[in-house]
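Data first, discussion second: the structure below is written as C-alpha cells.
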Amino acid sequence: MTTTELPLTRLLLGRRAFGPMGGAKAPVLIERNVLVYRRLWLMLASGFFEPVFYLLSIGVGLGKLTGAVDGVPYTDYVAPGLLAVSAMNGAVFDSTFNVFFKLKYGRIYDAMLATPLRVGDIALGEITWAQLRGLIYSAAFLAIMVVGGLVHSWWALLALPVTVLIGFAFGAVGMACTSFMRSWQDFDLVTLALMPMFLFSGAFYPLSVYSHWVRVLIETLPLYHGIDLLRSLTLGRVHVGLLWDVLYLVVMAGIGAVVAARRLERLLLT
Amino acid sequence: MAQITSADAPLIKAVGLRKVFPPAKRGGEPFTAVDGVDFELRRGEVFGFLGPNGAGKSSTMRMIGCVSPISGGELTILGMDPRVDSSRIKARLGVVPQEDSLDLELRVRENLLIYGRYFGLKRAEIAERTAELLEFVQLADRAESTVEPLSGGMKRRLTIARSLINSPEILILDEPTTGLDPQARHVVWDRLFRLKQAGTTLVLTTHYMDEAEQLCDRLVVMDHGRIAAEGSPRDLIERYSTREVLEIRFAPGSGDHESALAKAEGLIGTGERGSIDRLEELPDRILLYSDDGEAALAAVHGSGITPLASLVRRSSLEDVFLHLTGRTLVD
Ligand SMILES: Nc1ncnc2c1ncn2[C@@H]1O[C@H](COP(=O)(O)OP(=O)(O)OP(=O)(O)O)[C@@H](O)[C@H]1O
Ligand SMILES: [Mg+2]
C-alpha cells in the first residue's frame, strides 16, 4: 500500500478539482460576520460572563475550603484553567452550531463559492472568526485576572496569543467535525466530547491525583496542553517543555483547517 | 492580466461536456446528468437552455460557474480552463443560481456590499454600484429591509442585482423566473432585456417556452443530458414544426378521444386542403400540425370528428420540444 492511499493523506493532499484551496481572502469572511454581529452584540456579551461566574463560584467560593494547591492560592491555580476552557468553548460554539446552520440551511457558502472565494478562504475565515470571538472573552478574563492579582509573572503577556492558538485549534477541529454531521442530534457528540475534557483535563486540580495511565490518557487530549501552557505562563513557571504543548496545538489547528476546507470542497463543489 | 482573445472568439466553448455524479450509496450506479454536450456562447447574445426537469440544465450551469468539476469533455470559459483558473473566471461571471442564496442574516444593501467585497471591490465603488443596481431592480426603497420578508419576485430581483455587482461579462441565470407570478416575470424579463441591450452576454435556463422565445437569440433544447436541437427560436419552430397547430379536446371517459385519434390519422399527408403533417397525442388533447389550422379544423369536422373544444394557434417551442422528445416541457 502506498502512502497516498491512506485516508488522511488523501484528504490532506488529494487532487483538487479547482486548483489550490486558497486562504488569503479569509478576512472578508470576518468582515461578513462583523456585519451580522454588529446587531447581536448582546449575544456576544453573554459569552463573557460564563468563565467569570465559574471563577467566582469555584475559584473564590471553593478556594476558601481548599487552601493552596500546587503552591499557590486556589483561585490563582484555577483561573488559567478557566481561561483555557473559555477560549475552547468560544471557538467550538461558533465553529460547530453556526457553521452547521450555514452549511445546511444558509446557502451562504454556495453564494461565496460563486465568487472568486475558495474553500480555503471560507474555512480559514470561519475558524479565525470563531477564535476571534473567544479572544474577546479571553482578553476580558485576563484583565480580570490581572486586576484580581491572580497573575504572577510578565510571561502572562504571552497568555493572550496562546488563547488565540487554543481557539484556532479547537475552532478548526470543531469545523472539521461539523462537516461530517448530518443532523442536530450529532451535536450531542460535541457535548459528550467537551464535557469530560472540561472536567478532567486539569483545570480544577493537578494531574498528580491520577494514576500513571489515566495521566497519560489526559495528556493526549488537547485541552490539557492549553491549560498547561496558560497556567505555566500566568504562574511564571516557564520551561522548554511548553514548546511541546505549542507544537501539539499548532498541528491540531493545521490538520483541522485542511480537513475542514477539503470537506467543504466535497460538500459544496459537487 | 488581460486575456488576449479575438473579438469573435466564443466566450464559452464546450465540447463533449459531461457530468457524472457518483452513486449516492456504495455499490450504486453513477448517474450521468450531462451526457456529452457541445455549445458555444458568443459575445453579446442571449443563449438559452430549454428543457424539462432533470434535463441537466443546472448541472451545466454549475460547471460553467466553476462550482462543479467537469467529468469529461472540454470546457473553456473566457479562454480559460475552470480546473486551473476558477477564481479568475468567477471574477468575471455573474451567477443567479436556481435557488436563491441570499444572506438572510444581512439586510438588502448589506447583501450587495458583502458580495462586492467577496469580489475584492472597494467599499466606495460598491456603494455607488449598489445604489444604481437597487434602482435598476426597483428595490431602492427596500435597501434597509431584511431579506426574509421580501416576496419571491423581490428576492429574485435582489439576486439579479447582486450578480451584477462585479459588472460581469457573462451573466448566468438558472431559471430566473420560476415560481414568480406573471407580473413579476415581466419585470425580470424587462431587466434582462435591458442588460442585453447594454451589451451583457446572458446564459439562461428555463422550462418556459415563452421565456425562451422572448429572450433568447439562440437556444438549445436539452433532454436527458443531451442536446436535442439548436438554433434561434424561429429556426427551431420552422425546422421542427408547422406554422399552425390545431388542438382538439374531448369529454373525458367518453371514448371520443380514442375514436377521433384513429380518424385523424387518416388526415395525415392527404395532400388536400387541411391536410395535416403529423399529430401528437396528449392525455387531455390531440395536437394536429398543419400550415393552415382553420382548414385542418374544417377537414376534422368533415371526417366526422366532433371535438368538445378546438383551438387554432401558432406553433411554439413547446411543439418543437414535444416533437423532439415526445414529451411536454412542463408536466
Ligand atoms: N449532486 C447531485 N448528485 C446526484 N445527482 C444529481 C446531483 N445534482 C443533480 N443530480 C441529478 O442530475 C439530473 C439533472 O439535474 P439538473 O439539476 O441538472 O436538472 P435541471 O435540468 O436543472 O432540472 P430542473 O428543471 O428540475 O432544475 C437530475 O436527475 C438530478 O437528480
Ligand atoms: Mg435546474
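It should be emphasised that the depicted structure is a prediction, and the values quoted were computed from it without experimental measurement. Below, chain A is the first sequence line, B the second, and so on; all start at residue 1.
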Among Pro82(B), Gly120(B), Gly94(B), Pro22(B), the residue with the most heavy-atom pairs under 4.5 Å to chain A is Pro82(B)

Of Gly65(B), Pro97(B), Ser101(B), Ala91(B), the largest count of non-hydrogen pairs under 4.5 angstrom with chain A goes to Ser101(B)

For Gln185(A), the side-chain hydrogen bond (donor to acceptor under 3.5 Å, both in side chains) test, sequence neighbours excluded, returns Ser183(A)

Applying a strict 4.5 Å limit to non-hydrogen atoms, the region of Leu268(A) in contact with chain B is backbone

If one checks every heavy atom of Arg118(A) against chain B at 4.5 Å, the contacting part turns out to be side chain

Which atoms of [X] come close to chain A, meaning under 4.5 Å heavy atom to heavy atom: side chain ones, backbone ones, both, or neither?
X	value
Leu102(B)	backbone
Arg107(B)	both
Asp81(B)	neither

Answer key: most heavy-atom pairs under 4.5 Å with chain B among Ile108(A), Leu113(A), Leu269(A) is Leu269(A)

Ranking Asp121(A), Leu117(A), Leu29(A) by heavy-atom pairs under 4.5 Å to chain B gives rank one to Leu117(A)

Sorted by chain and residue number, the ring-ring contact (aromatic ring centres under 6.0 Å, His included) partners of Phe187(A) (sequence neighbours excluded) come out as Phe97(A), Phe100(A), Trp184(A)

When every non-hydrogen atom of Thr115(A) is compared with those of Phe119(B), the smallest separation belongs to CG2-CE1, 3.5 Å

Glu135(B) CD: over 12 foreign heavy atoms closer than 6.0 Å:
no

Fill in: Neighbour count >12 (heavy atoms, 6.0 Å) for atom CZ, Arg226(B)
no

Would you say the side chain of [Y] lies within less than 4.5 Å of the side chain of [X], judging by non-hydrogen atoms?
X	Y	value
Glu105(B)	Lys102(A)	yes
Arg32(A)	Glu110(B)	no
Leu35(A)	Leu106(B)	yes

Legend entry - N/O donor-acceptor pair under 3.5 Å between Ser68(B) side chain and Thr270(A) backbone: yes

In Met112(A), Glu31(A), Lys25(A), the residue satisfying side-chain contact (heavy atoms from CB on, under 4.5 Å) with Tyr118(B) is Met112(A)

CG of Leu104(B) to CZ of Phe101(A), rounded to nearest 0.5 Å, is 7.5 Å

CZ of Arg62(B) to CG of Asp110(A), rounded to nearest 0.5 Å, is 7.0 Å

